[in-house]
Amino acid sequence: MTAPAVPEQSVRNERLRLRLQAIRTFARRFASRPDGVIGVIVLLVFTVLAIAPSLFVGDLQTATTATGPSLSPPTAANLLGTDELGRDILNLTIHGTRISMVIGLLATIVTIFLGALVGIISGYVGGRVDTVLMRITDFFLVLPTFVLALILAPIILDLVGANSEFFGIRVTLLVIVVVIGVTSWASTARIIRSQALSVKELAFVGRARVIGSGPGHIMWRHILPNVMNLIVANTVLVFGGSILTETTLSFIGLGDPFAPSWGQVLNAAESAGAMGLGAWWYVVPPSVCIVLVVLAFTLVGSALDDVLNPRLRVRR
Amino acid sequence: MRSSLRAKVARTIAAFALALAALLPAATVHAKDLLTLRVGTVESLDSLNPFETALNVGYEVFTLNYDLLVNFGPNNEPVPGFADKWTQSPDGLSWTFHIRDGMKWSDGVPATSADVVYTYNLELEGTKNGGVVGLGYLDPYLKDSFVTSVTAPDPSTVVITSSRPTTKLTHSYIPIVPQHIWKNVTPANVADFENKVPVVGTGPYQAVESTSQYVRMVRNPNYWGKQGAADEIVLQYYPSAPDTMVAAFKNNELDYIHSPSAESFNQLKTAKNTVALASEGNGFTQLNYNTYTKGGGASTTAIQDPAFRQALGYAIDKPTLIQKVLLGYGTPGTTQVPPWEKAWHTEPNDVRTFDIAKSNQMLDAAGYPRGSDGTRVDKQGKAINLRLYVPNTTPDYAKDAQFIQGWFGQVGVKVTTQVLDEGTLVDDEALDTTKPAKGQLNYDMVIWGWVGDPDPNALLQILLTSSIGSTSDSQWSNAQYDQLYDQQNEAATDAERKTYMEQMQQIFYDQAPYDILYYDNNLDAYHTDKFAGWQNQPVVGGAPFFQDGSINYTLLTDASLATPAPSATANAAPTAAGSGGPAPTVAPAPAPTDSGSSGSPLPLIVGIIAIAILLVGFIGMTRRRRAAAAEEDE
Amino acid sequence: MGSRYLIRKVVGACLTIFMIVILNFVLFRMMPGSPDRILLRNPNVTADAMAAARTRWGLDKPLIPDQLVDYLEATASGDLGFSFKFHGEQVTDVLAGRLWPTVILFGAGEVLAIIFGLALGAYSGWKRGGPIDYIGNGISLILYSMPYFVIGILILGVFAVGLHWFPTSGMLTIGGGDDTFASQLLDFFGHLALPVTTVAIGLIGQYSILMRSSVIETLGEDYVTTARAKGLTSGRILRSHALPNALLPAVTLIAINLGYVIGGAITVEVVFNWPGLGTLTVTALEARDYPVLQGIFLLLSISVVLANLVADLIYGRLDPRVRS
């Protein structure tokens, strides 16, 4: 009776060993991609800034706590100059990191969750469900993102109430998250569906079905792990795209001046007439941050894509 | 010989570039035929129909197109318009207007008293039984004058009678429109009348082209008054792009701009050949409270208590707001009648000044003690956390909100801020009287603004009890105020009217349904090298355009024809003929800073073409090299 | 087989358009701040006048079925109603006036971006690892990471405000008297230069990256290896094998991306005050001009559906595998 315990243990060990080996292989391959590594470093730096912005530049300056002169160029006191209220641009930009990254992260979670859910179900179940889901997906694919976003924003605000807060996140920011999520899940769903379609045909899925596993179980235990690589690579790319979309939406005026993201800072710069005044220090820091972060995500994303899915290159 | 696709493309591009280059000389011979005044504004025109416009720019355009019965003069005094003379009967109940002899509409048709009767009857008929004409903004001018009939005994005489003596008829904003064009327009269909170009009017300039980006107006050859120097006027709209408007102004694409950002304005003060003018405005920015007492969505009863609102008034540092948000272009606010209304504004007694200690002490005295965490609690024992909403139309409101949040926090009143779009905010603020109040009026405080008419009635009536459900954003109700409103409206003389209005302003200030944060300045800038003869309205402290009426457009002269040739700086300081008032914040140009930029796209176009040709050549060469190599390979 | 594929695609497109029309109705009825209440900011509007306005706009009827049926009927007959903001003007007229500037701006921008982007991408992919690839790919990635309006603000700041080479905004210099056709054309090109450059620069990165990876992928395919084995020169392989095959997915994706492109580039129009659909969207949104917003939404989504349909059909014709 004791005999089976040993093989089971060893099977588990073997699995663990294989997984570790896979991770090591992955790490080695990834490390051989200098662009990916640079991207990861950049993202790490911004993540640290996003987690603890106050450590570096103190609390977020507001109109009342601002100390600098109005629209001062970079000086020793304000390394990146000030805005029209005398707030330190460095302070705003660093705090903007947190807001931009959090919005990007949440929007990515929404996008990937919806995309993966629809993609896997559609790909695995097939038939009429697939047809209906793909029709809906196609529908969302053609909707003009920004016009829809502009229309959705006041509707969502109206539905959830202007004063609500979710887990300490202001509702205006949440609106942006939902808007990005709703408008961008469709392409993820398409990509994942096509992968799920081919995984479904693999032998072990058929075997699982034969031994009587339910569709939910199969999708969770067999399909999902096998499309995970794709999901990971796609997540990184979607993250970068979300930050870009957030920036544009805030620039158009959907942002929250009380919780300034990079796009919101640029919006404020535009309405103060910064570029016409030659106040480049107001425009350049947030712009550079946006470009750096999106670039880093793109680099990491494509490196991951190459490493994880050598034959299945995803194009956006 | 393989003549590949690429070679073909290269040849095509080269040909196109040559063709483009051939076009270039055309630009240099392009002569300046017409003297065009280009005016930029951040609003875009909503309608050419005077009864259908709600915007500043709409009033600007229709007062250029049309004459009022009596126009607004350099100091907003009555001056000849459609009528050149007028008298009031001794009993004050009837006015006789003489219509200028021989006056013609811009299409040549004689302009007579029949046109006045038509226009005024459109208003009278439309406002009967509580109706509105178009958007209704022009309705009060006859309604509040108690006009009963408008008749024309002969083509050059109009007699207007009213049920009470009135002084408001010579300050009426109703434009006289041509009956022969408008003959089918009735109060019922006036809202559908587009008033298409070319507009026919008696004003100095007529709209001939109107798009959603600009309106172009040309000089009316039949205009009865002084012909302006500008052959045409183009009003260009820059909605949501004030920075672009300023850039266009600096690039000499615009001669005049209205409402640049305060930061840009500061910089324009030192630009060459530029006058930057901050002038008093007829409006204010307020912090309004939700004072509704019969249900509604206020989060605390405290804001229904005048003592609470007064105490908070001491926690607002208005000079700092003006300095930080408006960069100094405004004055601290007190009453609902802005100081621009010189005849009507009165400073209240006991003006509240910034004093945190006093505010704290008053809040304690009024029965709002601090709770354990320092936040004050209301009389029901609930911690006070006020929701402050601001519209997203200008960033200034959000800046104000940040300051107020900070100051109220210092006196133990917590504030949660939120930016909303205008539509949502209007929904929040307006009570739908057909439904129960519960669940409505979900706001505590809002920062927003109002802009008034030359007559103070417009700003007085938003605080009436009868405005709850329409324009009231404070839901304030005060019987004494309502009664005084009727009394001032029916007053026979201005002096009597003023005494009622003084009381109204004091009650408003003491009860504080609004805290008027500041009276915003209007910011304008113009170039002095193309046009001269700039005059302000009012002469002292005003601005040339976007005031009342269009008188200053006709006073412009061509700067290149100015007789004392080198005295460009003399024009820079706008002084009115004869008045010699001190020029307002005007800074003549210091030494020009940027030089010799020709304003021509020529160099870059040439550059692009050169690069394109080089590129094509390069590609062509590499291709040939490769082709040669290929041949060797094979 | 061919006609079945065609019918399936066309029916699918029609279905999508129908769904868009329905969504359009639902969304705009859900928007807060219904247009009649905007009138409330006017101090003189009475309850009667409000009721009259509601009747005029059909807001007094029940939502379903009356308003929906009215709306479907009108939309089907090409009547999109009247604009709220531009009083009395037909929405179709408002849209028509703004359509061409956008088509010209984005048409020209797309063409430039496709030419330069695809050329750069193809060259980089072909010369993978070479100096042009490094520089080109680097620049493409940076451009890809830049929001359009950032590019626009920088270009505006340098070439219009700083150097005064180009006009800052608008599409034509308004007024100024009789112009020759040539000078007007030149004026137009002068106004077009900066926004079109912005659009093109914003797109080049995307297309170049796309084309590069597409070429690299194609160069790794079996038939290319076969061609190489047959002894064809690399130039010939690129021209006759790799490029046509790499272009296919690129062109399709360009068509599919159209919706994103136009949407994202709204900001370019705003920055340069270009009188197109983008600035109209922002103006209409501020004025709660629902009919105009509905029109824009409909116009943009339907054009994307049609673009996709065309792309599908081209793809189906070029790549017979798809049809089966």
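Here the structure is a predicted model, which is why all the values come from computation and not from measurement. Order of the sequence lines fixes the chain letters, A, B, ..., with proteins taken first and strands second; residue numbering starts at 1 for each chain.
- A donor-acceptor pair under 3.5 Å links the side-chain atoms of B/Gln402 to the main chain of A/Ala63, judged by distance alone.
- One finds the CZ atom of A/Phe258 at 6.5 Å from the CG atom of B/Leu388 (value rounded to the nearest 0.5 Å).
- Side chains of B/Phe403 and A/Leu85 form a contact here, defined as non-hydrogen atoms less than 4.5 Å apart.
- Both the backbone and the side chain of A/Ser271 have a heavy atom closer than 4.5 Å to some heavy atom of chain B.
- Contact annotation for A/Ala268: neither backbone nor side-chain heavy atoms come within less than 4.5 Å of a heavy atom of chain B.
- Under the 4.5 Å side-chain criterion, counting only non-hydrogen atoms from C-beta, A/Glu84 is not in contact with B/Lys324.
- Interface remark: A/Leu71 contributes side-chain atoms only to the contact with chain B (heavy atom separation under 4.5 Å).
- In this structure, chain A has a heavy atom under 4.5 Å from the side chain of B/Lys250, while its backbone stays farther away.
- Taking B/Ser264, B/Pro260, B/Gly406, B/Ala247 one by one and counting their heavy-atom pairs under 4.5 Å with chain A, the maximum is reached by B/Ser264.
- Atom CZ of A/Phe113 has 12 or fewer heavy atoms from other residues, nucleotides or ligands within 6.0 Å.
- Looking only at heavy-atom pairs under 4.5 Å with chain A, the residue among B/Ala398, B/Ala401, B/Ala262 that has the most is B/Ala398.
- For a residue to count as touching a neighbouring chain, one of its non-hydrogen atoms must lie under 4.5 Å from one of that chain's; by this rule B/Val419 touches chain A with backbone and side chain alike.
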